[in-house]
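The next block holds one structure in the form of structure tokens; read it before the comments.
Keep in mind the model is a prediction, meaning the values are calculated, not measured.
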Amino acid sequence: MHHLSFQVADVPALNEVERRLRGLGADIRDDNGVPGELAAAGQLFCYDPDGIRLEVYAVQRPPRPATATGDGPPCGFF
């Protein structure tokens, strides 16, 4: 196994996970994102006591712009 990954609801939840892990003495390696992810993504890595690399991440996607009908992406042609 390369690593085990967990998704949390949002960046504040990720911050809480980091706070708790640091409080337990975990050596956190921060990473500012993965190529292709949106800018408001966050993640952290650490190792569990058995040496398994753990990833915890959150992705907050920006809200979709409203359209005239409210469904689907906006389009300049309609």
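- With sequence neighbours excluded, the residues satisfying side chain to side chain contact (heavy atoms under 4.5 Å, CB included) with Val56 are Val8, Leu14, Val17, Leu44.
- Atom CZ of Arg29 is separated from atom CZ of Phe45 by 5.5 Å, given to the nearest 0.5 angstrom.
- Applying the salt bridge (Lys or Arg N to Asp or Glu O under 4.0 Å) test to residues at least two apart or on different chains, the pairs with a partner in residues 2-17 are Glu16-Arg19, Glu16-Arg20.
- Tyr47 pairs by the side chain to side chain contact (heavy atoms under 4.5 Å, CB included) definition with Arg53, not counting sequence neighbours.
- Rounding to the nearest 0.5 Å places SG of Cys46 at 11.0 Å from NE2 of His3.
- Evaluation of the side chain to side chain contact (heavy atoms under 4.5 Å, CB included) rule for Asp50 yields Asp48 as partners, not counting sequence neighbours.
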